[in-house]
2 protein chains.
Amino acid sequence: MDPNTVGFAKHDHDHCISDAITAADRMCRDAGLQLTPVRKRALSILLEEHRALGAYDVLARLSEEGFGAQPPVAYRALDFLTKHGLAHKIERLNAFIACAHPNELHTPAFLICTTCHAVAEAETDPSHSLLSQIAETTGFTIARAVLEAEGTCPNCREKADK
Amino acid sequence: MDPNTVGFAKHDHDHCISDAITAADRMCRDAGLQLTPVRKRALSILLEEHRALGAYDVLARLSEEGFGAQPPVAYRALDFLTKHGLAHKIERLNAFIACAHPNELHTPAFLICTTCHAVAEAETDPSHSLLSQIAETTGFTIARAVLEAEGTCPNCREKADK
DNA sequence: CGCTTGATGTAATAACATAACGTTTGAGGC
DNA sequence: GCCTCAAACGTTATGTTATTACATCAAGCG
């Protein structure tokens with residue numbers, strides 16, 4: 001298999017899937033969570049595609065493989081994954097993506113390329129963020145933040161410039 | 001009419017509606033845009049409610065008043081308003097809200113109270129933002145940013161503390 | 001007038017998400 | 001071992017959000 005693109009850079013894709021699954025296994029064991037077959041498969045589907053996938057896309061794959069065929073099957077697996085930081089929902093796209101930096105506690109920020117539809121997850125330092133500054137001055141307590149930018153990724157920009 | 005709450009602070013609500021409509025009128029005239037009856041009414045509905053409203057909520061109000069009753073009626077009006085900065089879509093809520101700072105060119109940030117459902121729009125300086133820093137280091141060109149935080153507003157926090 | 005463009009209206013359908021309920025399964029107490 | 005409970009899973013049905021496709025109408029303009 002050829003190296004694939006993740007975010008906007010190339011990398012060895014096979015490795016990152018198995019690594020991520022292994023890490024998820026360990027994390028769930030340590031936390032006393034059940035990474036059941038559906039949940040694990042949903043995660044691996046997101047990892048294989050390595051892009052934002054709609055719940056129904058995941059559902060289709062799951063049902064092909066003998067799991068339930070109704071929406072709650074996908075939504076429940078995705079809820080579990082997002083709740084425990086193994087995946088994220090991209091609100092702008094109503095779609096889900098495997099977390100690129102599991103383990104670390106983070107407020108992810110996403111860069112969404114409107115040309116090639118790649119999505120990159122960037123790490124942020126929550127305490128320095130704009131939102132936390134705003135929150136501080138207004139007395140608002142943040143429980144969860146959504147940071148998403150749409151635009152053109154370096155690869156597509158380069159192509160467009162030609 | 002009693003002063004109402006906007007964002008998390010009190011203010012004179014009647015005034016802000018008429019002011020906002022006047023400003024929108026002028027802005028559209030200057031820009032050669034048509035602030036047609038449906039569009040103007042959609043804006044005033046958002047202003048009156050002063051909270052995030054679903055497209056179908058707006059549609060219901062519009063159709064009661066003799067405008068079309070099908071979803072595109074609302075979506076088209078809301079698209080116009082958001083496209084020209086008179087309203088914003090809150091992605092997390094799949095809902096729309098009148099812009100609190102029209103005229104100014106801005107990347108709005110929203111603070112969403114999960115208790116009382118108030119939504120405050122905060123101004124940001126795009127150039128200092130986290131996202132633009134990330135974008136700069138990765139070569140990504142941002143066209144549009146979504147900044148939304150969910151949590152507890154000062155008012156609800158105060159009540160909860162009692 | 002005849003053409004184009006943008007706004008509006010409708011019907012139909014697509015895409016996204018949840019409620020409600022029954023069954024299965026596995027861990028822990030007895 | 002066996003009972004009980006809670007969590008996970010499956011299904012049906014439904015609710016919510018959004019778009020496609022196409023007809024009509026009015027304004028601007030050669």
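Predicted model, so just to flag it, every value in this text is computed and none were measured. So that the names make sense, note that chain A is the first sequence line, chain B the second, and so on, each numbered from 1.
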Provide the closest heavy-atom pair for [X] versus [Y] in the form atom of the first, atom of the second, distance.
X        : Y        : answer
A:Ser44  : A:Ile21  : CB-CD1, 3.8 Å
A:Ala100 : A:Glu121 : N-OE1, 2.8 Å
B:Glu148 : B:Glu91  : OE2-N, 2.7 Å
A:Gly85  : A:Cys99  : O-CB, 3.4 Å
A:Arg41  : A:Leu62  : CG-CD2, 3.8 Å
A:Lys40  : A:Asp25  : NZ-OD2, 3.1 Å

List in numerical order all residues of residues 29-41 of chain B for which some heavy atom is under 4.0 Å away from an atom belonging to DNA chain C.
B:Gln34, B:Thr36, B:Val38, B:Arg39
Outermost contacting nts on DNA chain C, any atom under 4.0 Å from chain B heavy atoms, listed 5' then 3', are C:dG6 to C:dA11
Report yes if the side chains of B:Arg39 and B:His84 come closer than 4.5 Å at any heavy-atom pair, otherwise no.
no
On DNA chain C, check which nucleotide each of A:Asp57 and B:Val73 is closest to and give me the residue with the more 5' one.
B:Val73
Identify, between B:Arg76 and B:Glu91, the residue whose nearest nucleotide on DNA chain D lies closer to the 5' end.
B:Glu91
Would B:Arg61 and B:Glu48 pass as an ion pair if we require N to O under 4.0 Å?
yes
Under 4.0 Å from a heavy atom of chain A: give me the 5'-most and 3'-most nucleotides of DNA chain D that qualify.
D:dA7 to D:dT12
Pick base, sugar-phosphate or nothing for A:Phe80, based on heavy-atom distances below 4.0 Å to the nucleic acid.
nothing
Pair B:Phe96-B:His88, ring pair (Phe, Tyr, Trp, His ring centres under 6.0 Å): steps then yes or no
CA-CA 6 Å; B:Phe96 301 82; B:His88 300 292; over 10 Å; no
Hydrophobic cluster membership, A:Leu59 vs A:Phe67, 4.5 Å side-chain cutoff
yes
